[in-house]
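Values reported hereafter were calculated over all heavy atoms of this structure, with side chains retained and with hydrogens, waters and symmetry mates removed. Below, read A as the first sequence line, B as the second, and so on, with proteins coming before strands; counting in each chain starts at 1.
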Amino acid sequence: MTRRARLWVLAAGLLGTAALFAAACLRMPPFGGTWHPYGDRAVAAAIAQRTANTVSSVNFDQRALDTLGEESILFAAVLGTVVLLRRTPDERRVAPQPASVPPALRRYAITVLPLALLIGLYVVAHGQLSPGGGFQGGVVVATALHLLYIGVDHRALERVRPVGLYELADGVGEGAYVVLGAAGLLAGSAYLANTLPHGTFNTLASGGTVPLLNAAVGMEVASAVVVLLARFLAQALEIVDEKTVDEKEEKEKE
Amino acid sequence: MDRLLPLIVAVPLLGAAVLVGAGRRMPRLAAETVACACAAASTALACAALARATTVVSWAGGWRPRHGVSGGIVLVGDRIGLGLAALASVLVLAVLAYSWRYFEEPPRGHSGAFPALVLLFQAGMCGFALTGDLFDAFVFFELMGVCGYALTGYHVEESRPVQGALAFGFVNSLGSYATLMGIALLYARTGELGMAAIGRQLDAAPERDALVAAAFVLVMTGLLVKAAAVPFHFWLPDAHAVAPTPVCLVLSGVMVETGVYGVARVHTTVFGGPGGIPAAGTRRVLVVLGVVSAVTGAVMCWQQRHIKRLLAFSTVGHTGLFLVGVGLLTDEGLSGTCLYVLGHAGAKAALFACTGILLARLGSVDEHELHGRGRDIRGIGLLFALGGLALAGLPPFGTGLGKAVVEEGSAWLPALFGLVSALTGGAALRVAARVFLGTGERGREEEPETAGGEEEPETAGGEEEPETGRRIRLAPPPMVSVAVALLAGALAVGTVPALAEATYAASSAFLDHAGYAATVLGGRAGGGQPGHAAAAHGGAWWTWTGAALGLLSAALAVVLAAAAVVGLVPSRGWSAPLRRLHSGHIGDYVAWTTAGIGLLSLLTLW
Amino acid sequence: MSVLPYLVAGWIFLVGVYGLATSRHLVHAVGCLAVAQSSTYVLLLAVGYRRGATAPVFSDIPPGTTVVDPVVQALALTDVVVGATVTALLLALVVQTRKRHGTVDPDELSGLKG
Amino acid sequence: MREALDDTLVAASLLLVAAAATAAALTRDPARQAVVLSLLALALALALLFTVLQAPDVALSQLAVGSAVTPLMILLTVRRVRRRRRRE
């Protein structure tokens, strides 16, 4: 289709969708209303299960199957990215060169890295108490690792994180979530049931299986994001086609 | 049994986790055996659940409803949901068997990657088929999508798979985000996420206003994108023409059908009651889109040279017929569509399997280039011809039975079903005649097949290099046996009366809006009204008129194929504008998807 | 004010779709898809908002306080993950498209036609 | 009084998000889009909006994903995509 025809079709579609959605918005309940039946039920159930963070209770206890699906989506996407960004036979891997980094930046990165790792682990551990949880903490841990790439260079990062180990951790995280769900089945109640003792409210071990599922998700998300970024870093920095190898040689010769 | 229902979804996930976790240290043979074991386990679970007479209802996490409301997610194992999950698992088993050492060396250290992705794909389909929660359906819909994008673009060393996967990814993601907007609207109005609960809340205060209509349109958008209904269908031919053949088996065999299942399920449970969309509105939407999709798919299928693209357009055509069957909103329509889906899955997967063998042996899927080169594998040619006849609705096949049952719905249906079956079946027979018998002239190689003057030729599929890395001499046994088994399955669907009877009973239970809500929320023993189903069991079986119509469409297909081979077929010019619309441009596809949303709202509110 | 959040969500969706359909660079198209998806976050959280209520975390407030709807927040969380993963996959495909097609402009991609 | 303040805060952050989203969609150059103008600004505006809408969990995950992981991936993709064009 020519560009003009596409704009006409798009304009018609956008107009129709806008009209439909605007008509629907006029009949929506007013913003900020007080009628939230599902929410009130969820809050009551979360407090009954002694989980302080109700969002984590909804995510890992009441609607745990959603989170299983969500983690499988992340797991499948990382697996897909590993397959799609693999090194095809007509490409070569160039070893990353040490890069020079201003010392101030290097010192900053080295000092902040353990701090950021600790924060990430804290967010995962306190998933059922304070805002945050397995997913947010996992991403913080994964991005903290990449401070090494910014502070030092790609080679240092590669030495610290062997990608094979993280793929294993990814598989173990996903498998742990599924097995924890099956534990509810073995304990006599339904799949993904919160059968562990709920502990006392607002303490680290409260909420039964919520902290365990949080930990499984945290491990899986941290390793998944590390593997994801490793693939993108490899494509951007290391993997070179045969044809462009001369460009690399020219740069090295200068 | 109801506690084990979630394991149908969990077992493939565990298998995928094991395959990825042990990916580096696991030899290829072990990886594929583990994958087959997991797929077989969930097939057995699905069939065991099917064997029980009543609907299996399982609340994840034990959050059973107290006086009619619950905060958890429900998995509903009714006959048709479990049937779809079983079909998906069987096709995944067929794919894993078919691709037994089919690919050249897998990527170093990731021998488990392809089977793991296929297992995740199966988990997504089984989850989507079983879930009774709208947001959970969106999550599994996305899981199917993500696995589909990765599997379609598997051959990254070629230029076309990557483009097909991109088109697949953009259009399907946009469709699923529209569905999520619809779910948010429904949540605002009803405060519920379970399909039965939303249906009940809508019926409690039945006001059929713009919000319910907008929610209907937006939720249906994502499902119709997955079901490849016109104008949302543009991604399907691009994705199928380039995906590895084992993946095409699943994409065409069952993934597109999950979209049709989703449309039927959401309409019946959520919008089927007094508070939802009036039946006439839904019938108008589904029948109009179905007819347009069927005709477009059939016409485009006839024009194709690229065999996989030809089969993809035939899937669009047949999905249009499924939408018409579902759109009739009758027991015959739905049970006929179920039989048609089962028969079509077997026949289409067998055709793709044969195409895979052709690609593996002759390194091409272009009809003209393969002219007469398939003479020494006549067995595959016979399978291909049988598949083409099945598509054309030849009586003993399940497709013929499904077509016959749906055609009884109203007077104009036999003409539509006959024409579409004849065109798609005829195209497949034409390919079989040209490739395996070498009849007719070499094919118009000299004038380039350009849709419009200066553009370079259309997708011809000539220079595809075989997926097995090196041209294999004789077809490997697993590939042939899978093709034969799938065709035998399509034949069995049409010949086993108990299966047809079961689908008829299941359809009347499926279409029961109040019965579903009572089963899921009220906890009353499920299975709909056994009395009603048993009495009217006669509806879904061969009739003289049905068999005659099947023979007629098959004969028409053979005549069309013969005419095409001899060269009497009309020139391709008249359909050039339609072919130019399939431009492969992502911006076009997104524009057509948005236009589709506008079209849907017009059809619903009109 | 009672309708503004929903209209903003609708606007973001339409802008995202417009940018996606008229994009001349695949990475920009992936960005526009992420924009279109962020409209679902805004719509979901706007549906769950309650005036005068606080965050649904009871570690520092008594369990009786009126709070915002936590269910939509769980849905939005799942949606953020879905968005991130789809973006990652599509970017991987864009990298390979650049390698195999030599271009990232949808107008120049011409492999599949007719 | 407090609820009126809340409303204006919500309205302001909504308009900020709408502006950032429009900028993100209409910025054609991918590199600038990722870093300066759009997705980063959109992620921060969304995180602000979610905090105002009393959704700290979603704000934290949007901050973590939208302002760290996604722009890094986009930048690496742009770097990989732009690499050969300089040579031709």
Less than 4.5 Å to any heavy atom of chain B: does that hold for the side chain of A:V172, its backbone, both, or neither? neither

Counting only non-hydrogen atoms closer than 4.5 Å, does A:S72 touch chain B with its backbone (N, CA, C, O), its side chain (CB onward), both, or neither? both

A:R86 to B:Y154, cation-pi by 6.0 Å centre distance and 45° axis angle: yes

Tell me, side chain or backbone of A:R27 under 4.5 Å from chain B's heavy atoms, or both, or neither? both

Please evaluate residues B:L605 and A:L20 with respect to the criterion side-chain contact (heavy atoms from CB on, under 4.5 Å), reporting the C-alpha separation (whole Å), side-chain torsions for both, the decisive distance (0.1 Å), and the verdict. CA-CA 10 Å; B:L605 295 176; A:L20 179 83; 4.3 Å; yes

Using a strict threshold of under 4.0 Å (side-chain N to carboxylate O), is an ion pair present between B:D133 and A:R63? yes

Measuring only between side-chain heavy atoms, which start at C-beta, is A:V82 closer than 4.5 Å to B:V20? no

Part of A:Y38 within contact of chain B (heavy atom distance under 4.5 Å): both

Student check: side-chain heavy atoms of B:L7 and A:L185 closer than 4.5 Å: yes

Per-residue contact mode, A:W8 against chain B (heavy atom under 4.5 angstrom): neither

Region of A:A23 that comes under 4.5 Å of a non-hydrogen atom in chain B: both

At a 4.5 Å cut-off on heavy atoms, which part of A:A76 comes close to chain B: side chain, backbone, both, or neither? both

Please flag which part of A:Q62 lies under 4.5 Å from any non-hydrogen atom of chain B: side chain, backbone, both or neither. both

